[in-house]
Amino acid sequence: MRIGIDVGGTNTDAVLMDGRYVVAWAKSPTTPDVTGGMLSALRALLAQTDQARAAQAVMIGTTHFTNAVVERKRLAPTAVIRLGAPATASLPPMVDWPADLREAIGGRWFLLEGGHEFDGREINPLDETRLMDVTRRLRDEGVRAVAICGVFSPVNQSNEERAAALVHAAAPELSITLSHQIGRIGLLERENAAILNASLSALSRQIVRALGQALAEVGIAAPFYLSQNDGTLMSAATAEQFPVLTFSSGPANSMRGAAFLSGIKDGIVVDVGGTTTDVGALRHGFPREAGTSVEVGGVRTNFRMPDVYSFGLGGGSVVRDGTGLRIGPDSVGYRLTEQARVFGGEVLTASDIAVAAGLAHMGDLSRVAGLDAQFVRAALAAIQSSVAQAIDRMKVSAQPVPVVLVGGGSCLVADDLTGASEVIRPAYYPIANAIGAAIAQVGGEVDRVYDLSAMSRTAALESAKAEAVERACAAGAAPATLEVVEVEEVPLTYLPSNATRVRVKVVGELQP
Amino acid sequence: MWRISEADLEAIAIGAGILGTGGGGNPYLGKIRMREHLRAGRTATVIPPQAMPDDACVVSVFNMGAPTVGYERLPQGEEDLRALRAVEAYLGRRVDAMVPGEIGGSNSVAPLVVSAQSGIPVIDGDGMGRAFPEIQMDTFAINGISPTPFALCSHKGETEILLGITDPRQVERIARAWAVAHGARAATAGFVMTGAELKRYVIPHTMTLAREVGLAVQTARAQHSDVTGAVLTVTGGRRLLTGKIIDVERRTTAGFAKGSVQVASEDGSYGRIAFQNENLIAWRFADASCNDGTLLAVVPDLICVVNSETGEPVTTELLRYGLRVTVVGIPAPPQLQTARALEFVGPQAFGYDVPYRPLEPIV
């Protein structure tokens with residue numbers, strides 16, 4: 001048996017599953033201390049069945065990190081140190097970022113001499129004197145995190161590592177993210193991913209520790225995993241260091257859960273949470289993977305993620321009627337039960353609109369009885385149209401497609417969705433996310449450059465596969481269940497060498 | 001004559017990506033650089049070739065080397081301008097206009113950036129009408145314009161000028177070795193020509209074509225109509241294959257990514273495309289054994305692989321198993337179909353013992 005937990009911006013869901021069957025589930029508001037909601041959800045689960053204590057594994061999916069970026073909240077003041085001058089000066093760090101996100105992390109960047117050419121030699125030696133000046137300045141200015149990104153660091157890590165050692169020695173309190181540990185070749189996208197990861201460093205430490213303590217507190221001794229962008233699992237220690245790898249875990253889990261629950265293999269999944277709505281496409285029961293680059297909060301990154309369109313609509317979205325009707329993108333999030341009108345608060349939220357329209361029943365109806373009926377209709381129409389637009393964006397043709405509606409906030413969306421051939425609200429729809437986490441598999445991946453003058457293509461592929469299998473087993477997969485799900489080989493094109501980059505991914509069930 | 005707007009830039013980048021026929025590099029970064037110039041109030045001027053006086057001085061500007069390096073070791077910013085200035089310094093005069101070396105891929109946008117930096121206009125046209133891997137494959141080289149004076153500039157500002165070489169193949173060899181020595185990417189300026197020569201040899205209005213292709217894609221996407229169909233309408237091309245990629249084989253030799261991709265077509269047949277940086281030849285086979293194929297399209301005709309769902313061009317680097325693609329054939333500009341041009345850009349020039357047969361007209 002496994003426990004799947006989804007910590008959303010508004011609600012925390014927990015489910016106990018025995019194979020394909022839901023044994024028990026519980027839902028509880030997410031709390032400011034991160035784990036309060038998880039504890040109440042787990043206690044509620046344990047109150048239903050004591051079997052939960054004997055679960056073999058706990059899988060946790062969290063949208064904390066994505067929400068922090070989307071809402072531009074709780075991000076650490078972060079600086080970017082790029083190594084590569086004079087190259088790269090034409091496109092400074094964060095050049096393609098939305099201005100508000102750049103401001104939210106402070107927008108500091110430094111371009112220093114350093115970095116490598118494609119063949120590993122240095123463009124210029126690392127400018128250590130300037131690096132020390134920069135580090136002193138960062139300490140003075142209260143910067144908490146640093147992303148270090150060297151040109152061609154995926155080929156040669158030495159400059160990034162040397163810079164990290166020097167910065168760490170001079171300012172041990174700074175969190176450092178090195179770009180080569182996160183992204184692939186493609187400087188801006190890798191740098192962007194590293195900056196986002198660095199800006200989340202404090203939050204990730206806090207969250208991962210709290211998750212472990214919460215499980216211990218309710219007496220669950222099973223190991224815990226975090227679900228990552230591709231829907232597979234990673235260890236807690238890995239997650240703490242690389243919070244960006246959880247960025248799309250929420251949508252990936254909800255899509256896997258929605259496919260599992262509805263039986264729909266090809267269609268669109270709309271997951272309306274408390275803070276964001278995620279719209280993704282299912283193909284053969286799995287999330288459709290995005291192309292080369294994926295935008296997170298308006299920033300291009302190059303790690304692999306499901307193709308998901310997220311926007312700021314959820315049960316907690318703030319509804320404004322000032323210069324014109326506006327819903328979101330900001331949300332009261334987990335404070336819904338204090339701040340929403342129906343719960344005695346002063347903020348008008350999408351949930352209040354749902355209650356006023358009779359679509360949901362929670363809190364005190366009389367607190368929204370005074371809302372103008374026409375205004376409520378207009379708000380619902382705006383929600384309906386924003387969801388229809390998002391579906392339209394994810395569709396691959398003008399043909400209507402089945403739409404699976406999941407998530408606690410999906411009551412905000414009516415059945416008459418433009419572009420949908422049918423609208424399915426499966427059983428357990430409010431916890432599709434947690435179910436997707438509970439059924440998640442373990443993966444192993446190898447992404448490496450092979451010199452094909454020294455070995456054949458077949459030998460390189462076989463070697464990569466064997467290593468991926470080894471890694472999946474080390475991460476806890478049952479060998480007999482492993483399947484190769486992706487093979488990709490890409491030579492470093494136009495480069496005068498016989499090098500090819502091989503990427504192999506295998507996925508299997510967690511060893512029982 | 002027209003001034004580039006942000007909307008033009010977006011459309012040109014999409015169109016140039018498709019006209020890149022699988023190579024040429026992604027125009028995205030050039031687009032962002034150009035966008036920064038536009039936002040700072042500096043634009044580029046595009047001028048039709050006919051507007052150039054016969055005695056005008058025109059120079060071809062482009063980057064050579066590995067696109068992978070271009071995405072990773074981003075430019076310092078003034079490489080192209082410095083190469084251009086080096087040619088001017090040698091000539092002892094200012095040039096009147098720049099002509100893009102190739103419209104396919106990232107080299108379409110690079111001259112726009114130089115125009116924003118210098119005020120020198122960019123010709124609406126180019127020397128390839130698509131992307132090709134080597135400099136002797138442009139219409140200026142094919143028609144005997146001397147490649148030298150030919151200036152090269154690196155990211156560190158190291159500049160060198162080649163003189164007295166009349167064979168463009170020799171310039172290609174030297175320049176590529178120079179680029180590799182400087183990190184596999186170099187900005188270049190060369191093929192100095194008169195306005196009269198430009199008008200005789202240029203493939204005209206390709207900047208406009210790139211913009212139109214881009215606009216067609218944008219419109220089709222917004223309306224959820226057939227993106228590929230929109231590309232065909234603008235380019236006069238035809239659909240060669242529609243299906244799923246089932247195998248990609250690659251090998252890199254002397255800096256060129258060679259390989260082939262196999263497509264399982266929706267109609268039950270199989271297709272194969274051979275590429276060397278760009279897509280070169282497409283065949284159709286009756287079954288998976290891929291014997292006795294029929295030729296669908298041959299270089300210099302354009303063979304473009306686009307994502308069936310989004311209309312995004314799929315470069316040879318991005319080909320991978322499982323991708324749903326549509327293969328589009330577009331007739332090469334007439335300037336590339338002459339007997340002389342085929343010696344430089346026909347199938348034999350790429351080592352294929354296959355005759356060039358122009359794409360059959362659409363019935």
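Everything numeric here is computed off the predicted structure, so don't read it as measured data.
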Review point. Is the number of heavy atoms from other residues, nucleotides or ligands under 6.0 Å of A:Glu483 CD greater than 12?
Key: no
Review point. Roughly how far, to the nearest 0.5 Å, is CD of B:Glu36 from OG of A:Ser90?
Key: 10.0 Å
Point to revise | Rounded distance [0.5 Å steps], OH in B:Tyr28 versus CG in A:Leu188 | key: 7.0 Å
Point to revise | Minimum-distance pair of heavy atoms, taken over all atoms of B:Val180 and A:Phe118 | key: O-CE2, 4.1 Å
Exercise for review: Go through A:Gly84, A:Ala85, A:Ser153, A:Pro86 and name the one with the most non-hydrogen pairs under 4.5 angstrom from chain B.
Suggested key: A:Pro86
Check your understanding: If you tally heavy-atom pairs under 4.5 Å against chain A, which of B:Gly259, B:Ala181, B:Ala222, B:Gly70 wins?
Key -> B:Ala181
Practice item. Using the side-chain contact (heavy atoms from CB on, under 4.5 Å) rule, take A:Asn124 and B:Lys156 through it: C-alpha gap first, then chi angles, then the decisive distance, then the call. Key: CA-CA 10 Å; A:Asn124 278 310; B:Lys156 293 185 181 176; 3.9 Å; yes
Review point. Which of these passes side-chain hydrogen bond (donor to acceptor under 3.5 Å, both in side chains) with A:Glu117: B:Arg185, B:Arg73, B:His182?
Key: B:Arg73
Practice item. Show the numbers, then the answer: is there a side-chain contact (heavy atoms from CB on, under 4.5 Å) between B:His155 and A:Thr88? Key: CA-CA 8 Å; B:His155 53 307; A:Thr88 79; over 6 Å; no
Review point. Can you tell me how far CD of A:Glu191 sits from CG of B:Leu74, rounded to the nearest 0.5 angstrom?
Key: 8.0 Å
Check your understanding: Taking all non-hydrogen atoms of both residues, which atom of B:Glu72 and which atom of A:Pro154 are closest, and how far apart?
Key -> OE2-CD, 4.4 Å
**Study point:** Interface moiety of A:Leu111 toward chain B, non-hydrogen atoms closer than 4.5 Å
**Key:** neither
Exercise for review: Just give me the residue among B:Val227, B:Val113, B:Leu29, B:Asn307 that pairs up with chain A most often, heavy atom to heavy atom, under 4.5 Å.
Suggested key: B:Leu29
